[in-house]
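One structure below.
Reminder, nothing fancy here: chain letters follow the sequence lines and each chain counts from 1. Everything numeric in this text was worked out from a predicted model, so none of it was measured.
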2 protein chains.
Amino acid sequence: MNAVFKALADPTRRKVLELLRQGPMTAGDLSDQFPVSRPTMSAHFAVLREADLIEANKIGTSILYQLKLSVLEDALLSFTQLFGIGAGEAQRKPTRKGADK
Amino acid sequence: MNAVFKALADPTRRKVLELLRQGPMTAGDLSDQFPVSRPTMSAHFAVLREADLIEANKIGTSILYQLKLSVLEDALLSFTQLFGIGAGEAQRKPTRKGADK
DNA sequence: CATTTATTTAGATATTTAGCTAAATAGCGA
DNA sequence: TCGCTATTTAGCTAAATATCTAAATAAATG
C-alpha cells in the first residue's frame with residue numbers, strides 16, 4: 001500500500017497508468033509520450049512494477065506493459081473506505097429509504 | 001491534485017489524516033502519536049496544509065487541526081473515476097432503471 | 001512583566017528521488 | 001555471427017525530503 005502511494009506521487013507515473021488504462025503498451029510507445037529519456041522512463045516503470053501496479057511481458061525485442069487495475073483499485077478503495085468516502089458499496093447502502101438524504 | 005498525492009505518499013501523513021477522521025486534534029496531541037520530533041511533525045502538517053487536506057485553527061496556545069474531508073474526497077474520487085474504478089457516483093448513476101445491471 | 005507551554009522557524013545533515021549520458025543485455029533478421 | 005533495435009543497468013549530479021537540535025514566536029498565567 002505504501003508502495004502504491006509512493007508510485008502515485010509522481011505525475012509522470014500517474015500519466016503512465018492513465019495511458020495504460022486504454023490497453024497494454026510497449027515501453028517505447030509509452031516513453032514517446034513523455035519528454036524524458038528512456039532510462040528515466042525505465043526507472044518509472046520499475047517503480048510501478050515494484051508497486052505491482054503494472055505487469056511486464058516480453059514480446060520479441062519489446063516489453064509490453066499492462067495495467068493491473070485490480071491492484072490500483074484495491075489500494076484506492078481500501079484507503080477511501082477508511083475515510084467513509086463514497087468509494088465503495090459499504091457507505092451507500094441505505095437501510096431505510098432516503099435515510100442519508 | 002499533485003500536492004494531494006505527494007502528501008499521501010508518506011505513511012506518517014496518511015496516519016495523521018486517519019487520526020483526524022475521528023475529529024479535530026491539536027498539533028501536540030497528534031505529535032504524541034508518532035515517534036518523531038515536534039518540528040518534524042510540524043513539517044508534515046505544513047505539507048498537509050499545503051495540499052489543503054487539513055485546516056489549522058488557533059485555540060489559545062494550541063493549534064487545532066481539522067481534516068478537510070471534501071478535498072481528500074474530490075482528489076481521490078476524480079482520480080478513481082479516471083480509471084472507471086467503482087469509486088464515485090458517476091459510474092453508478094443509472095439513467096434508466098436497472099440500466100447497468 | 002517574567003515564566004511557562006505549544007508550536008513553528010532556522011539551520012544542518014543524511015537519504016531518496018528524478019533526471020542525464022554511456023554502456024550492457026537481449027532478441028531478431030540478414 | 002554481425003549488426004540493429006528495444007530496453008535496462010551503471011554511474012553520476014542536482015534537487016527534494018525527512019529528520020534532528022536549537023532558537024524564535026505567541027498566548028496564557030502568576
From [atom1] of [X] over to [atom2] of [N], roughly how many Å is that when rounded to an integer?
X: A/Asp29; N: D/dT5; atom1: CG; atom2: P; value: 16 Å
X: A/Phe34; N: C/dA18; atom1: CZ; atom2: P; value: 14 Å
X: A/Ile63; N: D/dT7; atom1: CD1; atom2: P; value: 7 Å
X: A/Leu48; N: D/dT8; atom1: CG; atom2: P; value: 12 Å
X: B/Phe45; N: C/dT9; atom1: CZ; atom2: C1'; value: 15 Å
X: A/Ile54; N: D/dT7; atom1: CD1; atom2: P; value: 12 Å
X: B/Asn57; N: C/dT8; atom1: CG; atom2: P; value: 13 Å

Which is true for [X] with a 4.0 Å heavy-atom rule: it touches a base, it touches only sugar-phosphate, or it touches nothing?
X: B/Ser31; value: nothing
X: A/Tyr65; value: sugar-phosphate
X: B/Ser62; value: sugar-phosphate

4.5 Å side-chain heavy-atom contact, [X] and [Y]:
X: A/Phe34; Y: A/Val16; answer: yes
X: B/Leu53; Y: B/Lys68; answer: no
X: A/Ser31; Y: A/Phe45; answer: yes
X: B/Val47; Y: B/Lys6; answer: no

Problem set entry | Of all pairs that satisfy side chain to side chain donor-acceptor pair (under 3.5 Å), the ones with a partner from residues 34-49 of chain B, not counting sequence neighbours |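 The answer is B/Arg13-B/His44, B/Asp32-B/Arg38, B/Ser37-B/Thr40, B/Arg49-B/Tyr65.
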
Problem set entry | Annotated protein contacts, base or backbone, on nucleotides 17-30 of chain D with a non-hydrogen cut-off under 4.0 Å, one of B, S, - each | -SBBBB----SS--

Problem set entry | Counterpart residues, ring pair (Phe, Tyr, Trp, His ring centres under 6.0 Å), relative to B/Phe83 (two or more places apart) |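 Scan of B/Phe83 (ring pair (Phe, Tyr, Trp, His ring centres under 6.0 Å), adjacent residues dropped) gives B/Phe79.
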
